[in-house]
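Structure first, commentary second.
Numbered from 1 within each chain, the chains take letters A, B, ... in sequence-line order. Nothing here was measured: the structure is a model prediction, and the numbers come from that model.
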Amino acid sequence: MSDEFIPPRGTLDWLPARQAARHAMLDAFRAICDGSGYSEVATPVFEEKALFSRTAGESSEVVGKEMYLFEDQGERVLALRPEFTASLMRLYLGNGMSREAQPVRVWCAGSCYRYAAVQRGRYREFTQVDAEAIGSDDPAVDAELIALQLRWYAALGLEGVELRINTIGDKGDREPYLAVLRAYLDAHIDQVDDEIRRQRDLNPLRAFDTKDPASQKVMADAPKIADHVSEAAQEHFAAVRSFLDARGIDYTVDPTLVRGLDYYCRTTWEVAWPELGAQSGIGGGGRYDGLAESIGGPATPGVGFASGVERVLLALEDQGRLPATTGGVDAFFAIFADAARPELHALLDQARDAGVRCEADLAGRAVKGQMKQADRIGAAQTVVCGDDEWARRVCLVRDMTSGEQVDVPFDGLVEFLVNAKG
RNA sequence: GUGGGCGUAGCUCAGCUGGUGGUAGCUCCUGGUUGUGGUCCAGGCGGUCGUGGGUUCGAGUCCCAUCGCUCACCCCA
(Lines give C-alpha, C1' and ligand atoms only; values in the text may rest on other atoms or scores of the structure.)
Protein backbone atom coordinates (compact mmCIF):
# COMPACT_ATOMS: atom_id res chain seq x y z
CA MET A 1 0.00 0.00 0.00
CA SER A 2 2.42 2.61 1.16
CA ASP A 3 5.38 0.97 -0.49
CA GLU A 4 7.95 3.39 -1.72
CA PHE A 5 7.95 2.20 -5.31
CA ILE A 6 5.02 1.34 -7.49
CA PRO A 7 5.14 0.53 -11.20
CA PRO A 8 5.06 3.57 -13.50
CA ARG A 9 1.59 4.66 -14.53
CA GLY A 10 0.27 2.65 -17.40
CA THR A 11 2.53 -0.36 -16.84
CA LEU A 12 1.54 -3.76 -15.54
CA ASP A 13 3.12 -6.39 -13.35
CA TRP A 14 2.38 -9.85 -14.68
CA LEU A 15 1.62 -12.25 -11.86
CA PRO A 16 1.90 -16.00 -12.48
CA ALA A 17 -1.68 -16.72 -13.54
CA ARG A 18 -1.96 -13.93 -16.08
CA GLN A 19 1.61 -14.30 -17.29
CA ALA A 20 0.94 -17.98 -17.98
CA ALA A 21 -2.22 -17.00 -19.84
CA ARG A 22 -0.35 -14.40 -21.87
CA HIS A 23 2.32 -16.94 -22.68
CA ALA A 24 -0.29 -19.43 -23.83
CA MET A 25 -1.83 -16.76 -26.04
CA LEU A 26 1.50 -16.01 -27.68
CA ASP A 27 2.17 -19.72 -28.13
CA ALA A 28 -1.16 -20.04 -29.91
CA PHE A 29 -0.29 -17.13 -32.17
CA ARG A 30 3.08 -18.65 -32.93
CA ALA A 31 1.48 -21.97 -33.85
CA ILE A 32 -1.03 -20.34 -36.17
CA CYS A 33 1.61 -18.20 -37.88
CA ASP A 34 3.91 -21.20 -38.32
CA GLY A 35 1.07 -23.12 -39.89
CA SER A 36 0.37 -20.28 -42.32
CA GLY A 37 3.90 -19.67 -43.55
CA TYR A 38 4.71 -16.65 -41.41
CA SER A 39 8.17 -16.51 -39.86
CA GLU A 40 8.98 -14.87 -36.57
CA VAL A 41 11.25 -11.84 -36.51
CA ALA A 42 12.15 -9.28 -33.86
CA THR A 43 13.04 -5.62 -34.10
CA PRO A 44 14.44 -3.15 -31.54
CA VAL A 45 12.18 -1.68 -28.93
CA PHE A 46 13.44 1.77 -29.90
CA GLU A 47 14.06 3.27 -33.32
CA GLU A 48 14.84 6.63 -34.81
CA LYS A 49 11.91 8.89 -34.15
CA ALA A 50 11.63 9.79 -37.83
CA LEU A 51 10.85 6.19 -38.78
CA PHE A 52 7.53 6.54 -37.00
CA SER A 53 6.78 10.18 -37.67
CA ARG A 54 7.35 9.79 -41.41
CA THR A 55 5.25 6.65 -41.75
CA ALA A 56 2.37 7.16 -39.37
CA GLY A 57 2.05 10.84 -40.28
CA GLU A 58 2.35 13.96 -38.17
CA SER A 59 -1.42 14.28 -38.10
CA SER A 60 -1.85 11.05 -36.19
CA GLU A 61 -2.26 11.26 -32.45
CA VAL A 62 0.21 8.44 -32.02
CA VAL A 63 3.01 10.46 -33.52
CA GLY A 64 1.79 13.90 -32.53
CA LYS A 65 1.62 13.42 -28.79
CA GLU A 66 1.86 9.81 -27.70
CA MET A 67 5.43 8.80 -28.48
CA TYR A 68 8.00 8.20 -25.79
CA LEU A 69 10.95 10.21 -27.05
CA PHE A 70 14.47 10.45 -25.77
CA GLU A 71 17.89 11.46 -26.90
CA ASP A 72 20.83 9.15 -26.38
CA GLN A 73 24.41 10.16 -25.55
CA GLY A 74 25.10 10.36 -29.28
CA GLU A 75 22.35 12.97 -29.64
CA ARG A 76 20.22 10.62 -31.69
CA VAL A 77 16.50 11.30 -31.36
CA LEU A 78 14.88 7.98 -30.58
CA ALA A 79 11.41 6.75 -29.87
CA LEU A 80 10.08 3.70 -28.09
CA ARG A 81 8.12 1.92 -30.79
CA PRO A 82 4.40 2.78 -30.76
CA GLU A 83 3.70 -0.08 -33.20
CA PHE A 84 5.45 -2.66 -35.35
CA THR A 85 4.56 -1.96 -38.96
CA ALA A 86 7.16 0.71 -39.69
CA SER A 87 9.93 -1.32 -38.05
CA LEU A 88 9.00 -4.40 -40.06
CA MET A 89 9.04 -2.47 -43.32
CA ARG A 90 12.43 -1.07 -42.35
CA LEU A 91 13.60 -4.60 -41.61
CA TYR A 92 12.34 -5.76 -44.99
CA LEU A 93 13.97 -2.93 -46.92
CA GLY A 94 17.24 -2.92 -45.02
CA ASN A 95 17.93 -6.62 -45.24
CA GLY A 96 17.43 -7.19 -48.93
CA MET A 97 14.25 -9.12 -48.34
CA SER A 98 12.80 -7.79 -51.59
CA ARG A 99 15.09 -10.37 -53.26
CA GLU A 100 13.41 -13.23 -51.46
CA ALA A 101 10.32 -14.96 -52.75
CA GLN A 102 7.47 -12.50 -52.49
CA PRO A 103 5.53 -11.79 -50.47
CA VAL A 104 7.73 -11.95 -47.40
CA ARG A 105 5.50 -12.96 -44.54
CA VAL A 106 6.63 -12.25 -41.01
CA TRP A 107 5.18 -11.97 -37.54
CA CYS A 108 6.39 -10.69 -34.22
CA ALA A 109 5.19 -10.01 -30.71
CA GLY A 110 6.40 -7.64 -28.07
CA SER A 111 5.93 -4.47 -26.11
CA CYS A 112 4.87 -1.18 -27.66
CA TYR A 113 4.65 2.19 -25.98
CA ARG A 114 2.26 5.09 -26.21
CA TYR A 115 1.83 7.95 -23.78
CA ALA A 116 -1.95 8.08 -23.56
CA ALA A 117 -4.44 8.37 -20.72
CA VAL A 118 -4.55 5.05 -18.94
CA GLN A 119 -7.76 3.11 -18.98
CA ARG A 120 -8.83 -0.48 -18.75
CA GLY A 121 -7.45 -2.06 -21.89
CA ARG A 122 -5.24 0.89 -22.67
CA TYR A 123 -1.80 0.94 -21.15
CA ARG A 124 1.35 2.88 -21.87
CA GLU A 125 3.36 -0.28 -22.17
CA PHE A 126 1.30 -2.88 -23.94
CA THR A 127 1.83 -6.05 -25.91
CA GLN A 128 1.01 -6.50 -29.54
CA VAL A 129 1.10 -9.44 -31.85
CA ASP A 130 1.62 -8.46 -35.44
CA ALA A 131 1.70 -10.20 -38.80
CA GLU A 132 2.65 -8.61 -42.10
CA ALA A 133 2.90 -9.75 -45.72
CA ILE A 134 5.17 -7.45 -47.70
CA GLY A 135 5.65 -7.52 -51.45
CA SER A 136 2.30 -8.50 -52.90
CA ASP A 137 -0.76 -6.52 -53.89
CA ASP A 138 -2.82 -9.67 -54.33
CA PRO A 139 -6.18 -9.27 -52.57
CA ALA A 140 -5.83 -12.86 -51.44
CA VAL A 141 -3.12 -11.67 -49.05
CA ASP A 142 -5.46 -9.13 -47.42
CA ALA A 143 -8.00 -11.89 -46.88
CA GLU A 144 -5.36 -14.34 -45.66
CA LEU A 145 -4.29 -11.93 -42.94
CA ILE A 146 -7.84 -11.20 -41.85
CA ALA A 147 -8.46 -14.94 -41.68
CA LEU A 148 -5.21 -15.45 -39.76
CA GLN A 149 -6.19 -12.87 -37.19
CA LEU A 150 -9.64 -14.38 -36.71
CA ARG A 151 -8.16 -17.85 -36.44
CA TRP A 152 -6.14 -16.69 -33.46
CA TYR A 153 -9.22 -15.44 -31.64
CA ALA A 154 -11.01 -18.66 -32.46
CA ALA A 155 -8.08 -20.74 -31.21
CA LEU A 156 -8.23 -18.86 -27.91
CA GLY A 157 -11.93 -19.56 -27.60
CA LEU A 158 -12.87 -15.91 -27.87
CA GLU A 159 -16.47 -15.48 -28.93
CA GLY A 160 -18.56 -12.62 -30.24
CA VAL A 161 -15.87 -10.71 -32.11
CA GLU A 162 -17.04 -8.46 -34.90
CA LEU A 163 -15.12 -7.70 -38.07
CA ARG A 164 -15.60 -4.45 -39.95
CA ILE A 165 -13.87 -3.75 -43.24
CA ASN A 166 -13.63 -0.85 -45.64
CA THR A 167 -11.57 0.43 -48.51
CA ILE A 168 -10.04 3.86 -48.34
CA GLY A 169 -8.64 3.82 -51.86
CA ASP A 170 -5.24 4.71 -53.14
CA LYS A 171 -3.08 7.66 -52.31
CA GLY A 172 -4.23 9.43 -55.47
CA ASP A 173 -7.84 9.05 -54.41
CA ARG A 174 -7.25 10.64 -51.03
CA GLU A 175 -6.79 14.33 -51.78
CA PRO A 176 -9.69 14.68 -54.27
CA TYR A 177 -11.94 12.90 -51.79
CA LEU A 178 -10.74 14.98 -48.87
CA ALA A 179 -11.57 18.08 -50.89
CA VAL A 180 -15.09 16.77 -51.40
CA LEU A 181 -15.38 15.88 -47.73
CA ARG A 182 -14.10 19.27 -46.57
CA ALA A 183 -16.57 20.97 -48.85
CA TYR A 184 -19.35 18.92 -47.27
CA LEU A 185 -18.11 19.72 -43.76
CA ASP A 186 -17.92 23.41 -44.60
CA ALA A 187 -21.49 23.32 -45.86
CA HIS A 188 -22.62 21.88 -42.50
CA ILE A 189 -20.02 23.49 -40.30
CA ASP A 190 -22.60 24.98 -37.94
CA GLN A 191 -24.14 21.55 -37.26
CA VAL A 192 -21.01 19.68 -36.20
CA ASP A 193 -19.11 19.84 -32.95
CA ASP A 194 -15.91 21.72 -32.21
CA GLU A 195 -13.76 18.63 -32.40
CA ILE A 196 -14.68 18.12 -36.04
CA ARG A 197 -14.01 21.78 -36.82
CA ARG A 198 -10.61 21.46 -35.17
CA GLN A 199 -9.78 18.36 -37.25
CA ARG A 200 -11.21 19.83 -40.46
CA ASP A 201 -7.85 20.72 -41.99
CA LEU A 202 -5.48 18.09 -40.65
CA ASN A 203 -7.61 14.99 -40.36
CA PRO A 204 -11.17 15.44 -41.66
CA LEU A 205 -11.70 11.66 -41.86
CA ARG A 206 -11.91 11.58 -38.10
CA ALA A 207 -15.28 13.29 -38.37
CA PHE A 208 -16.77 9.88 -39.11
CA ASP A 209 -15.74 8.65 -35.67
CA THR A 210 -17.68 11.34 -33.84
CA LYS A 211 -19.84 10.38 -30.86
CA ASP A 212 -21.80 13.62 -30.97
CA PRO A 213 -25.37 12.72 -32.10
CA ALA A 214 -25.90 15.88 -34.15
CA SER A 215 -22.58 15.39 -35.89
CA GLN A 216 -23.33 11.73 -36.48
CA LYS A 217 -26.51 12.75 -38.23
CA VAL A 218 -24.58 15.07 -40.49
CA MET A 219 -21.90 12.49 -41.20
CA ALA A 220 -24.45 9.82 -42.09
CA ASP A 221 -25.08 11.69 -45.31
CA ALA A 222 -21.51 12.75 -45.88
CA PRO A 223 -19.72 11.51 -48.98
CA LYS A 224 -18.06 8.17 -48.21
CA ILE A 225 -14.54 7.44 -49.30
CA ALA A 226 -15.47 4.08 -50.77
CA ASP A 227 -17.55 5.90 -53.35
CA HIS A 228 -14.60 8.05 -54.34
CA VAL A 229 -11.87 5.51 -54.91
CA SER A 230 -10.32 4.37 -58.14
CA GLU A 231 -11.74 1.52 -60.13
CA ALA A 232 -8.66 -0.52 -59.40
CA ALA A 233 -9.14 -0.07 -55.67
CA GLN A 234 -12.79 -0.97 -55.93
CA GLU A 235 -11.95 -4.13 -57.83
CA HIS A 236 -9.34 -4.98 -55.24
CA PHE A 237 -11.87 -4.55 -52.46
CA ALA A 238 -14.44 -6.69 -54.26
CA ALA A 239 -11.82 -9.39 -54.65
CA VAL A 240 -10.90 -9.25 -50.97
CA ARG A 241 -14.56 -9.69 -50.13
CA SER A 242 -14.90 -12.69 -52.39
CA PHE A 243 -11.97 -14.34 -50.63
CA LEU A 244 -13.63 -13.65 -47.27
CA ASP A 245 -17.04 -14.80 -48.47
CA ALA A 246 -15.62 -18.07 -49.76
CA ARG A 247 -14.19 -18.71 -46.29
CA GLY A 248 -17.55 -18.03 -44.71
CA ILE A 249 -16.16 -15.12 -42.69
CA ASP A 250 -18.77 -12.74 -41.31
CA TYR A 251 -18.05 -9.06 -41.68
CA THR A 252 -19.68 -5.69 -41.96
CA VAL A 253 -18.65 -3.23 -44.63
CA ASP A 254 -18.38 0.03 -42.76
CA PRO A 255 -17.87 2.97 -45.11
CA THR A 256 -16.94 5.18 -42.17
CA LEU A 257 -14.13 2.93 -40.95
CA VAL A 258 -11.05 5.09 -41.01
CA ARG A 259 -7.83 4.15 -39.37
CA GLY A 260 -5.66 6.55 -37.48
CA LEU A 261 -2.36 6.04 -39.21
CA ASP A 262 -1.71 7.85 -42.47
CA TYR A 263 0.02 5.04 -44.29
CA TYR A 264 -3.06 2.90 -44.82
CA CYS A 265 -4.62 2.53 -48.26
CA ARG A 266 -7.19 0.28 -49.86
CA THR A 267 -8.29 -2.44 -47.44
CA THR A 268 -8.66 -1.51 -43.79
CA TRP A 269 -10.24 -3.56 -41.05
CA GLU A 270 -10.93 -3.66 -37.38
CA VAL A 271 -11.95 -6.43 -35.06
CA ALA A 272 -13.86 -5.51 -31.92
CA TRP A 273 -15.35 -7.23 -28.95
CA PRO A 274 -18.03 -4.65 -28.15
CA GLU A 275 -18.46 -5.56 -24.49
CA LEU A 276 -14.97 -4.34 -23.74
CA GLY A 277 -16.36 -0.80 -23.70
CA ALA A 278 -14.40 2.16 -24.89
CA GLN A 279 -11.38 0.03 -25.73
CA SER A 280 -13.36 -2.52 -27.68
CA GLY A 281 -10.98 -2.61 -30.62
CA ILE A 282 -8.91 -5.73 -30.06
CA GLY A 283 -7.05 -5.62 -33.33
CA GLY A 284 -6.92 -3.97 -36.68
CA GLY A 285 -4.98 -3.78 -39.86
CA GLY A 286 -4.86 -2.74 -43.43
CA ARG A 287 -2.90 -2.33 -46.60
CA TYR A 288 -0.09 0.20 -46.79
CA ASP A 289 1.23 0.24 -50.32
CA GLY A 290 2.87 3.65 -49.93
CA LEU A 291 4.67 3.01 -46.69
CA ALA A 292 7.96 1.83 -48.16
CA GLU A 293 8.37 4.97 -50.23
CA SER A 294 7.80 7.19 -47.23
CA ILE A 295 10.99 5.82 -45.68
CA GLY A 296 13.02 5.98 -48.84
CA GLY A 297 12.44 2.53 -50.28
CA PRO A 298 11.08 1.47 -53.66
CA ALA A 299 7.33 1.18 -54.10
CA THR A 300 6.43 -1.97 -52.19
CA PRO A 301 2.95 -3.19 -51.41
CA GLY A 302 2.22 -4.54 -47.96
CA VAL A 303 -0.61 -5.54 -45.70
CA GLY A 304 -0.79 -6.58 -42.08
CA PHE A 305 -2.48 -6.29 -38.74
CA ALA A 306 -1.76 -5.89 -35.06
CA SER A 307 -3.76 -7.05 -32.12
CA GLY A 308 -3.54 -6.01 -28.49
CA VAL A 309 -2.72 -8.90 -26.22
CA GLU A 310 -3.97 -7.17 -23.06
CA ARG A 311 -7.32 -6.40 -24.65
CA VAL A 312 -7.77 -9.91 -25.93
CA LEU A 313 -6.80 -11.16 -22.49
CA LEU A 314 -9.42 -8.92 -20.86
CA ALA A 315 -12.02 -10.21 -23.28
CA LEU A 316 -11.04 -13.80 -22.47
CA GLU A 317 -11.24 -13.07 -18.75
CA ASP A 318 -14.68 -11.53 -19.17
CA GLN A 319 -15.77 -14.64 -21.01
CA GLY A 320 -14.25 -16.94 -18.41
CA ARG A 321 -11.93 -18.41 -20.99
CA LEU A 322 -8.52 -17.62 -19.60
CA PRO A 323 -6.07 -20.24 -20.86
CA ALA A 324 -5.57 -22.74 -18.03
CA THR A 325 -2.30 -22.61 -16.21
CA THR A 326 -0.22 -25.75 -16.20
CA GLY A 327 -0.09 -26.31 -12.47
CA GLY A 328 0.64 -29.40 -10.47
CA VAL A 329 3.80 -31.20 -9.56
CA ASP A 330 4.64 -34.86 -9.55
CA ALA A 331 6.28 -35.11 -6.16
CA PHE A 332 6.67 -33.07 -3.01
CA PHE A 333 9.57 -33.81 -0.67
CA ALA A 334 8.53 -33.59 2.99
CA ILE A 335 11.79 -33.79 4.88
CA PHE A 336 11.66 -33.80 8.69
CA ALA A 337 15.24 -34.89 9.31
CA ASP A 338 17.42 -31.83 8.94
CA ALA A 339 20.50 -33.93 8.36
CA ALA A 340 18.83 -35.52 5.35
CA ARG A 341 18.09 -32.28 3.56
CA PRO A 342 21.29 -31.82 1.51
CA GLU A 343 21.29 -35.36 0.19
CA LEU A 344 17.57 -35.38 -0.54
CA HIS A 345 17.70 -32.00 -2.28
CA ALA A 346 20.39 -33.48 -4.50
CA LEU A 347 18.14 -36.46 -5.21
CA LEU A 348 15.32 -34.05 -5.93
CA ASP A 349 17.42 -32.37 -8.59
CA GLN A 350 18.26 -35.78 -10.07
CA ALA A 351 14.54 -36.45 -10.28
CA ARG A 352 14.07 -33.09 -12.01
CA ASP A 353 16.75 -34.04 -14.51
CA ALA A 354 14.75 -37.22 -15.16
CA GLY A 355 11.67 -35.15 -15.95
CA VAL A 356 9.86 -35.42 -12.62
CA ARG A 357 8.47 -32.10 -11.52
CA CYS A 358 9.14 -31.81 -7.85
CA GLU A 359 9.60 -29.43 -4.95
CA ALA A 360 10.53 -29.50 -1.30
CA ASP A 361 9.46 -27.48 1.68
CA LEU A 362 11.47 -24.30 1.96
CA ALA A 363 9.44 -22.59 4.64
CA GLY A 364 10.40 -24.61 7.69
CA ARG A 365 6.92 -26.06 7.98
CA ALA A 366 5.91 -28.64 10.52
CA VAL A 367 4.92 -32.13 9.39
CA LYS A 368 1.29 -31.28 8.99
CA GLY A 369 2.11 -28.10 7.17
CA GLN A 370 4.34 -29.92 4.72
CA MET A 371 1.64 -32.47 3.95
CA LYS A 372 -0.81 -29.67 3.52
CA GLN A 373 1.55 -27.93 1.15
CA ALA A 374 1.96 -31.15 -0.84
CA ASP A 375 -1.78 -31.34 -1.18
CA ARG A 376 -2.16 -27.68 -2.02
CA ILE A 377 0.24 -27.76 -4.94
CA GLY A 378 -1.38 -30.92 -6.25
CA ALA A 379 1.53 -33.28 -5.77
CA ALA A 380 0.78 -36.80 -6.93
CA GLN A 381 3.38 -38.29 -4.58
CA THR A 382 4.83 -37.11 -1.32
CA VAL A 383 8.32 -38.24 -0.43
CA VAL A 384 8.64 -38.38 3.36
CA CYS A 385 11.96 -38.57 5.14
CA GLY A 386 12.19 -38.32 8.91
CA ASP A 387 14.85 -39.50 11.36
CA ASP A 388 13.73 -43.12 11.06
CA GLU A 389 13.87 -43.19 7.26
CA TRP A 390 17.12 -41.26 7.21
CA ALA A 391 18.74 -43.82 9.47
CA ARG A 392 17.60 -46.61 7.13
CA ARG A 393 18.43 -44.63 3.97
CA VAL A 394 14.90 -44.94 2.63
CA CYS A 395 12.02 -42.58 1.97
CA LEU A 396 8.39 -43.21 2.63
CA VAL A 397 6.59 -42.41 -0.61
CA ARG A 398 2.91 -41.65 -0.20
CA ASP A 399 0.53 -41.77 -3.13
CA MET A 400 -1.67 -38.76 -2.46
CA THR A 401 -4.66 -40.16 -4.28
CA SER A 402 -4.80 -43.67 -2.84
CA GLY A 403 -2.99 -42.94 0.42
CA GLU A 404 -0.76 -45.98 -0.05
CA GLN A 405 2.74 -45.67 1.35
CA VAL A 406 5.85 -47.66 0.53
CA ASP A 407 9.48 -47.50 1.57
CA VAL A 408 11.83 -46.71 -1.29
CA PRO A 409 15.60 -46.76 -0.84
CA PHE A 410 17.50 -43.61 -1.78
CA ASP A 411 19.23 -45.24 -4.74
CA GLY A 412 15.93 -46.31 -6.24
CA LEU A 413 13.98 -43.13 -5.55
CA VAL A 414 14.43 -41.35 -8.88
CA GLU A 415 13.50 -44.45 -10.82
CA PHE A 416 10.48 -44.99 -8.58
CA LEU A 417 9.24 -41.44 -9.15
CA VAL A 418 9.77 -41.71 -12.90
CA ASN A 419 7.72 -44.91 -12.96
CA ALA A 420 5.04 -43.46 -10.71
CA LYS A 421 4.68 -40.61 -13.14
CA GLY A 422 3.77 -43.12 -15.84
C1' G B 1 -5.14 16.51 -21.60
C1' U B 2 -10.80 16.89 -19.66
C1' G B 3 -14.88 15.17 -16.51
C1' G B 4 -17.51 11.30 -12.95
C1' G B 5 -16.83 7.22 -9.28
C1' C B 6 -13.59 4.68 -5.87
C1' G B 7 -8.85 3.81 -2.44
C1' U B 8 -10.02 0.26 5.12
C1' A B 9 -5.51 -6.68 6.49
C1' G B 10 -2.20 -10.57 1.05
C1' C B 11 -7.56 -10.88 -1.38
C1' U B 12 -13.09 -9.73 -1.01
C1' C B 13 -15.48 -6.24 1.87
C1' A B 14 -18.50 -4.00 6.72
C1' G B 15 -17.75 0.50 9.28
C1' C B 16 -24.86 4.81 9.84
C1' U B 17 -25.74 12.15 10.85
C1' G B 18 -17.46 12.66 12.97
C1' G B 19 -16.82 9.57 19.24
C1' U B 20 -11.87 3.10 20.98
C1' G B 21 -10.13 -0.13 13.55
C1' G B 22 -13.70 -5.65 12.36
C1' U B 23 -14.95 -12.41 17.51
C1' A B 24 -16.23 -10.47 9.27
C1' G B 25 -15.21 -14.12 5.01
C1' C B 26 -11.05 -16.22 2.18
C1' U B 27 -5.72 -16.93 2.40
C1' C B 28 -1.39 -17.77 5.49
C1' C B 29 0.92 -19.96 10.21
C1' U B 30 0.18 -23.08 14.69
C1' G B 31 -2.44 -26.66 17.55
C1' G B 32 -6.29 -30.54 18.21
C1' U B 33 -3.55 -35.72 15.48
C1' U B 34 4.16 -36.40 20.28
C1' G B 35 5.49 -38.13 11.91
C1' U B 36 0.82 -37.54 7.56
C1' G B 37 -3.02 -33.61 3.18
C1' G B 38 -8.10 -32.63 1.49
C1' U B 39 -13.33 -32.00 5.95
C1' C B 40 -14.01 -30.09 10.88
C1' C B 41 -12.75 -27.27 15.44
C1' A B 42 -9.64 -23.80 18.16
C1' G B 43 -5.86 -20.19 18.32
C1' G B 44 -2.48 -16.84 15.99
C1' C B 45 0.12 -13.51 12.37
C1' G B 46 -1.37 -9.51 9.61
C1' G B 47 -3.57 -2.13 9.34
C1' U B 48 0.92 4.27 9.85
C1' C B 49 -7.76 3.34 7.11
C1' G B 50 -3.33 5.35 -0.46
C1' U B 51 -0.20 9.90 0.80
C1' G B 52 0.27 15.07 2.64
C1' G B 53 -2.15 19.14 4.65
C1' G B 54 -6.66 21.48 6.92
C1' U B 55 -11.34 21.90 10.07
C1' U B 56 -12.48 19.87 15.06
C1' C B 57 -11.92 18.61 21.97
C1' G B 58 -11.88 14.32 18.62
C1' A B 59 -11.33 12.43 11.42
C1' G B 60 -11.55 5.84 8.24
C1' U B 61 -15.86 9.37 8.17
C1' C B 62 -15.90 16.48 6.58
C1' C B 63 -12.63 19.99 3.30
C1' C B 64 -8.20 20.80 0.00
C1' A B 65 -4.17 18.85 -2.61
C1' U B 66 -1.64 14.71 -4.48
C1' C B 67 -0.84 9.58 -6.16
C1' G B 68 -3.26 5.20 -7.81
C1' C B 69 -7.41 2.44 -9.78
C1' U B 70 -11.82 2.77 -12.57
C1' C B 71 -15.68 4.68 -16.18
C1' A B 72 -16.42 8.10 -20.10
C1' C B 73 -14.39 11.89 -23.65
C1' C B 74 -10.09 11.55 -26.78
C1' C B 75 -7.00 8.04 -29.18
C1' C B 76 -6.17 3.27 -30.58
C1' A B 77 -4.14 -2.39 -29.79
Side-chain angles (χ1 to χ4, degrees), chain A residues 1-12 15 56 59-67 81-85 109-130 149 193-196 198-199 203 206 209-212 257-261 269-273 276-285 304-315 332 334-337 361 363-390 395-405:
Chain A
M1 278 299 145
S2 55
D3 291 345
E4 193 176 352
F5 291 109
I6 56 176
R9 188 155 166 73
T11 64
L12 296 170
L15 301 183
S59 70
S60 74
E61 297 274 334
V62 172
V63 164
K65 45 186 183 188
E66 294 185 355
M67 276 208 289
R81 62 186 176 204
E83 51 132 7
F84 281 114
T85 307
S111 302
C112 295
Y113 301 84
R114 293 183 199 172
Y115 188 86
V118 176
Q119 221 174 297
R120 180 171 189 250
R122 186 170 65 192
Y123 308 100
R124 291 177 178 172
E125 179 182 60
F126 58 100
T127 313
Q128 280 193 344
V129 297
D130 185 292
Q149 185 181 353
D193 68 6
D194 292 343
E195 180 61 21
I196 293 178
R198 193 176 65 76
Q199 296 263 34
N203 207 346
R206 293 249 71 98
D209 291 338
T210 184
K211 302 257 166 84
D212 172 53
L257 175 62
V258 172
R259 295 187 55 74
L261 303 171
W269 71 87
E270 272 182 18
V271 178
W273 188 57
L276 220 43
Q279 311 305 326
S280 62
I282 58 175
F305 71 85
S307 188
V309 173
E310 289 79 2
R311 288 187 187 177
V312 175
L313 183 61
L314 287 172
F332 183 85
I335 307 165
F336 314 129
D361 176 67
R365 289 186 185 84
V367 175
K368 180 175 177 173
Q370 293 203 39
M371 293 306 293
K372 193 171 181 178
Q373 177 66 4
D375 182 61
R376 188 161 39 204
I377 63 176
Q381 312 282 330
T382 299
V383 177
V384 179
C385 188
D387 292 328
D388 173 55
E389 287 85 1
W390 172 241
C395 289
L396 185 66
V397 181
R398 178 180 176 86
D399 183 301
M400 295 299 274
T401 307
S402 68
E404 286 172 27
Q405 304 187 152

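B/G22 and B/A9: their C1' atoms are spaced 10 Å apart (whole Å). Here, B/A65 and B/U27 have their C1' atoms 36 Å apart, quoted to the whole Å. Taking the P atom of each, B/C76 and B/G3 are spaced 22 Å apart, rounded to whole Å. Going from the C1' atom of B/C29 to that of B/G37 covers 16 Å, rounded to whole Å. Atom C1' of B/G21 sits at a distance of 25 Å from the matching atom of B/U66, rounded to the whole Å. A gap of 34 Å separates the P atoms of B/G58 and B/C13, to the nearest Å. Distance noted for atom P between B/U61 and B/G38: 42 Å (whole Å). Rounded to whole Å, the P atom of B/U56 lies 23 Å from the corresponding atom of B/C16.
The listed nucleotides are B/U70, B/A77, B/U36; the one nearest the side chain of A/V118 is B/U70. Which of B/C71, B/C76, B/G35 sits closest to the side chain of A/R120 comes down to B/C71. Side-chain proximity of A/V367 to B/G37, B/C76, B/U36: nearest is B/U36.
Between A/R9 atom CZ and B/G1 atom P there is a gap of 8 Å when expressed in whole angstrom units. For the pair A/F332 CZ and B/U36 C1', the interatomic distance rounds to 12 Å; values are reported in whole Å. Rounded to a whole Å, the CG atom of A/L15 is 15 Å from the P atom of B/G10. Going from atom CE of A/M371 over to atom P of B/G35 covers 13 Å, rounded to whole Å. Atom CG of A/L276 and atom P of B/U70 are 12 Å apart (whole Å). Rounded to an integer number of Å, the gap from A/Y123 OH to B/U70 C1' is 10 Å. When the C1' atom of B/A77 is taken as reference, atom CG of A/L12 falls 13 Å away, rounded to whole Å. For the pair A/E310 CD and B/C76 C1', the interatomic distance rounds to 13 Å; values are reported in whole Å.
Nucleic acid contact class of A/Q370 (heavy atoms, under 4.0 Å, all strands): none. Across all strands shown, A/V309 has no heavy atoms under 4.0 Å from either base or sugar-phosphate atoms. At the heavy-atom level, A/D130 lies nowhere under 4.0 Å from the strands shown. At a threshold of 4.0 angstrom between heavy atoms, the contacts of A/Q149 with the nucleic acid are absent. Contacts of A/A116 with the nucleic acid, taken as non-hydrogen atoms under 4.0 Å apart, are absent.
Judged by distance alone, with hydrogens and angles left aside, the side-chain atoms of A/S307 form a donor-acceptor pair with the main-chain N or O of A/I282 at under 3.5 Å. Of the possible donor and acceptor atoms, none in the side chain of A/Q370 sits under 3.5 Å from a partner among the backbone N and O of A/V367. Of the possible donor and acceptor atoms, none in the side chain of A/R398 sits under 3.5 Å from a partner among the backbone N and O of A/V383. Between the side chain of A/R124 and the backbone N or O of A/A116 there is at least one donor-acceptor pair closer than 3.5 Å.
Between the base of B/G1 and the side chain of A/E66 there is no donor-acceptor pair shorter than 3.5 Å.
Residues satisfying the salt bridge (Lys or Arg N to Asp or Glu O under 4.0 Å) criterion with A/E270, sequence neighbours excluded, are A/R164, A/R259. Listed by chain and residue number, A/D318 satisfy the salt bridge (Lys or Arg N to Asp or Glu O under 4.0 Å) test with A/R120 (two or more places apart in sequence, or in another chain). With sequence neighbours excluded, the residues forming a side chain to side chain contact (heavy atoms under 4.5 Å, CB included) with A/A306 are A/Q128, A/D130, listed by chain and number. Residues satisfying the salt bridge (Lys or Arg N to Asp or Glu O under 4.0 Å) criterion with A/R365, sequence neighbours excluded, are A/D361. A/D399 meets the salt bridge (Lys or Arg N to Asp or Glu O under 4.0 Å) test with no other residue; sequence neighbours excluded.
B/U30 is paired with B/A42 under the Watson-Crick or G-U wobble criterion, all donor-acceptor distances under 3.5 Å. For B/G3, the paired nucleotide is B/C71, the pair qualifying as Watson-Crick or G-U wobble because both relevant distances are below 3.5 Å. Across all strands shown, B/U56 forms no Watson-Crick or G-U wobble pair with both key distances under 3.5 Å.
Residue A/Q405 has no polar side-chain atom (N or O) positioned under 4.0 Å from OP1 or OP2 of B/U36.
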Check: protein-nucleotides 27-30 of chain B nitrogen or oxygen pairs below 3.5 Å:
residue	atom	partner	partner atom	Å
B/C28	OP1	A/R376	NE	3.4
B/C28	OP1	A/R376	NH1	2.1
B/C28	O5'	A/R376	NH1	3.4
B/C29	OP1	A/R365	NE	2.8
B/C29	OP1	A/R365	NH2	3.4
B/C29	OP1	A/R376	NH2	3.3
B/C29	OP2	A/R376	NH1	3.3
B/U30	OP1	A/A366	N	3.1

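Stacking between A/F126 and B/A77 is present: the aromatic ring centre lies within less than 5.5 angstrom of the base six-membered ring centre, and the two planes differ by under 30 degrees.
Both A/G10 and A/Q128 lie near RNA chain B, and the one whose nearest nucleotide falls closer to the 5' end is A/G10.
A/T382 and A/A334 make their closest contact through CG2-CB, 4.0 Å (heavy atoms, listed as atom of the first residue, atom of the second, distance).
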